[in-house]
There are 2 protein chains.
Amino acid sequence: MKRIADSTVRRLSVYLRFLEGSSQRGLPTISSEELAAHGGTTSAQVRKDLSFFGSFGKRGLGYSVPELTSSLRDILGLGRAWKVAIVGAGKIGIALAQYDGFRSRGFHVVAVYDSDERKVGTRWDGMTVRHLSSMAADMAEYEPEIAVLAVPAEAAQEVAMGVVDAGFKAILNFAPTQLHVPPEVSVRSVNLALELEGLSYELSNRSR
Amino acid sequence: MKRIADSTVRRLSVYLRFLEGSSQRGLPTISSEELAAHGGTTSAQVRKDLSFFGSFGKRGLGYSVPELTSSLRDILGLGRAWKVAIVGAGKIGIALAQYDGFRSRGFHVVAVYDSDERKVGTRWDGMTVRHLSSMAADMAEYEPEIAVLAVPAEAAQEVAMGVVDAGFKAILNFAPTQLHVPPEVSVRSVNLALELEGLSYELSNRSR
DNA sequence: CCTAGCTTGTGAATCAATTCACAAAGTCCT
DNA sequence: AGGACTTTGTGAATTGATTCACAAGCTAGG
């Protein structure tokens, strides 16, 4: 199968979210045009995106909402629950551990780690913060698949390597650093400073 | 000036962060090759990115670290402080309001808003949560420029419109929704569900 | 069953971003 | 001062993503 562009996968998520949203209750089908309007793109783009994975619509009618919803969930690998470990029990880490948006979409937080002894043992939402050094040993018990890194920038690369060594194959990185990991490990980064600086750039160059 | 691609601006932020980082102390100059290695790109890309804004290097030598740092800060509009208002005093909103990474990079949180009366009046880090309805009136006093939206998905579009009406020209959106705003308003979105789903997709299609 | 009307799926065309590759301009050593 | 070496800046080539545009397929209504 040909490599699918990142931008395409992101849009599939957007389509899925809209399909699952309440605004869609009742209607049996939806056209690429409607899907595009809500996703901020064009109908041709929607059809092209879907065409990479098969042919889901009926000409003259559009896409069956339940069928397309289920197909997208399948494509995105959401037919199962994923186990997530939060690494870093600072403000952001704790907020993420308690965030309902994760669990409700099938991402279950099964462990929280920190390297600070003062934080180890504290409890949040029925979960006890564990020491980073026990991570590798814990893998067999919890079998987490995705590591969410919420540690200071200085520590991020080192922690990332530990996480890779422990066997994680996917990392969601909140530290404002470019992570270097082996190619078999998937990384997505959420870099708040970078987003704010993007806005700063646009505000400053509004005139163009 | 020709429209600069978003991807280029993001990379400029990455270059700047590395230049400001401690790993760079002492060395007077840096080559596009080194900058590329840390930013996860190629030297040609670095030179092309910079060339959109001028000519900052010396052939045979590279870029002066202090000069390039200052030029990048200038380009990104970081020569000044920006005032930020957090909208939504839930877990994520409060965590963001307390996050040091904002202030240390020149983004000052000057107000926190919520529409829940039970949260209005509570204090966090010396700031009092204010009611959303007072936002428009507060603008003259605080003069915030960037609104950070940390509200539930259902409320996001409506709150975004209120924020636009109040006069904000930039929004950083944490709600998992596609926001529709007038073209003169800049929006960046951080969508955790979408990032996790991207990882889920990659984990599921590892074999390819 | 036929026709008018939609809407998909997809090659071809266009637009955008990245990489190549090399002349030009400098440095550094002797 | 000269020559070997380094590194930039940038057109040209390439690769990638988006948009166009239209034949093919399906629906619905008589």
Side-chain angles (χ1 to χ4, degrees), chain A residues 1-15 18-19 24 27-72 75 178 194 198 201-202 208, chain B residues 1-15 18-19 24 27-69 71-72 75 178 198 201-202 208:
Chain A
M1 195 205 280
K2 201 168 103 244
R3 165 93 200 156
I4 301 297
D6 231 63
S7 48
T8 296
V9 177
R10 297 183 111 80
R11 281 190 302 265
L12 294 182
S13 278
V14 172
Y15 305 153
F18 176 63
L19 287 171
Q24 208 35 45
L27 285 81
T29 64
I30 189 167
S31 68
S32 56
E33 195 65 62
E34 294 169 271
L35 228 25
H38 291 275
T41 180
T42 65
S43 63
Q45 182 77 79
V46 171
R47 296 197 299 276
K48 182 69 85 181
D49 286 341
L50 295 175
S51 78
F52 292 130
F53 299 94
S55 171
F56 304 101
K58 273 207 173 56
R59 294 169 190 227
L61 193 60
Y63 302 89
S64 148
V65 171
E67 277 174 32
L68 185 57
T69 302
S70 143
S71 298
L72 285 175
I75 291 167
Q178 187 75 18
L194 191 145
Y201 170 80
E202 289 192 27
R208 186 143 321 120
Chain B
M1 196 206 279
K2 200 168 103 244
R3 165 95 199 154
I4 301 297
D6 231 62
S7 49
T8 296
V9 177
R10 296 183 110 80
R11 283 192 300 266
L12 294 182
S13 278
V14 172
Y15 305 154
F18 175 64
L19 287 171
Q24 209 34 46
L27 285 81
T29 64
I30 190 167
S31 68
S32 55
E33 196 66 62
E34 294 168 271
L35 227 26
H38 292 275
T41 181
T42 65
S43 63
Q45 182 75 78
V46 171
R47 296 197 300 276
K48 182 69 84 181
D49 286 340
L50 295 175
S51 77
F52 291 130
F53 299 95
S55 170
F56 305 100
K58 272 209 174 57
R59 292 169 192 229
L61 192 59
Y63 301 89
S64 149
V65 171
E67 277 174 32
L68 185 57
T69 301
S71 299
L72 286 176
I75 291 167
Q178 188 73 19
Y201 170 79
E202 290 192 26
R208 183 143 317 122

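Order of the sequence lines fixes the chain letters, A, B, ..., with proteins taken first and strands second; residue numbering starts at 1 for each chain.
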Legend entry - Nearest listed nucleotide, side chain of K58(B), among dG26(C), dA17(C), dA21(C): dG26(C)
Inset, instruction - Take atom CD of E34(A) and atom P of dT8(C), then tell me their distance rounded to the nearest Å. - result: 9 Å
Inset, instruction - Using the closest heavy atom to pick a nucleotide of DNA chain D for each, name whichever of D6(A) or G60(A) lands nearer the 5' end. - result: D6(A)
Inset, instruction - Kindly point out which of dT8(C), dG9(D), dT18(C) is positioned nearest to the side chain of S7(B)? - result: dT18(C)
Inset, instruction - Determine the contact category for S32(B): base if any of its heavy atoms lies under 4.0 Å from a base atom, sugar-phosphate if only primed atoms, P, OP1 or OP2 are that close, otherwise nothing. - result: sugar-phosphate
Legend entry - From NZ (K58(B)) to OG1 (T29(B)), nearest 0.5 Å: 10.0 Å
Inset, instruction - In whole angstrom, give the distance that lies between atom CG of L61(A) and atom P of dG9(C). - result: 11 Å
Inset, instruction - Using whole Å, report how far CG of D49(A) lies from P of dT18(D). - result: 7 Å
Inset, instruction - Starting at atom CG of L50(B), determine the distance to atom P of dT10(D), rounded to an integer number of angstrom. - result: 11 Å
Inset, instruction - Answer yes or no: is there a donor N or O on one side and an acceptor on the other, between the side chain of S70(A) and the main chain of P66(A), under 3.5 Å? - result: no
Inset, instruction - Among dT7(D), dT27(C), dT18(D), find the nucleotide with the atom closest to the side chain of R11(A). - result: dT18(D)
Inset, instruction - Using distance alone, with no hydrogens and no angle criterion, decide if E34(B) and S31(B) have a side-chain donor and acceptor under 3.5 Å apart. - result: yes
Legend entry - T42(B) side-chain N/O to dT19(C) phosphate OP1/OP2 under 4.0 Å: yes
Legend entry - Between dT8(C) (C1') and F53(A) (CZ): distance, integer Å: 18 Å
Inset, instruction - Check whether any side-chain N or O of S51(B) sits under 4.0 Å from OP1 or OP2 of dG9(D), and answer yes or no. - result: no
Inset, instruction - Please check the phosphate of dT15(D) (OP1 and OP2 only) for any side-chain N or O of R3(A) closer than 4.0 Å. - result: no
Inset, instruction - Look at Y63(A) and dC6(C) and indicate whether a side-chain polar atom (N or O) is within less than 4.0 Å of OP1 or OP2. - result: no
Inset, instruction - Nearest whole angstrom, please: distance from the C1' of dG9(C) to the CG of L35(A). - result: 15 Å
Inset, instruction - With the side chain of S31(A) defined as its heavy atoms from C-beta on, choose the nearest nucleotide among dT7(D), dG26(C), dT8(C). - result: dT8(C)
Legend entry - Check: R59(B) side chain, dT8(D) base, donor-acceptor under 3.5 Å: yes
Inset, instruction - Ignoring the backbone of R47(A), work out which of dT10(C), dA23(C), dT27(C) is nearest its side chain. - result: dT10(C)
Inset, instruction - Identify which nucleotide among dT18(C), dA21(C), dA12(C) has an atom closest to any side-chain atom of K48(A), counting heavy atoms from C-beta outward. - result: dA12(C)
Inset, instruction - Send over the distance from F56(B) CZ to dG9(D) P, rounded to a whole Å. - result: 9 Å
Inset, instruction - Look at the side-chain N and O atoms of Q45(B) and state whether any lies under 4.0 Å from the OP1 or OP2 oxygen of dA17(C). - result: no
Inset, instruction - Decide yes or no for F18(A) and I30(A): does some side-chain heavy atom of the first lie under 4.5 Å from some side-chain heavy atom of the second? - result: yes
Inset, instruction - Just say parallel, tilted or perpendicular for the rings of F53(A) and Y201(B), cut-offs at 30° and 60°. - result: perpendicular
Inset, instruction - From the options T8(B), L12(B), V14(B), D6(B), select the one residue that forms a side chain to side chain contact (heavy atoms under 4.5 Å, CB included) with R10(B). - result: D6(B)
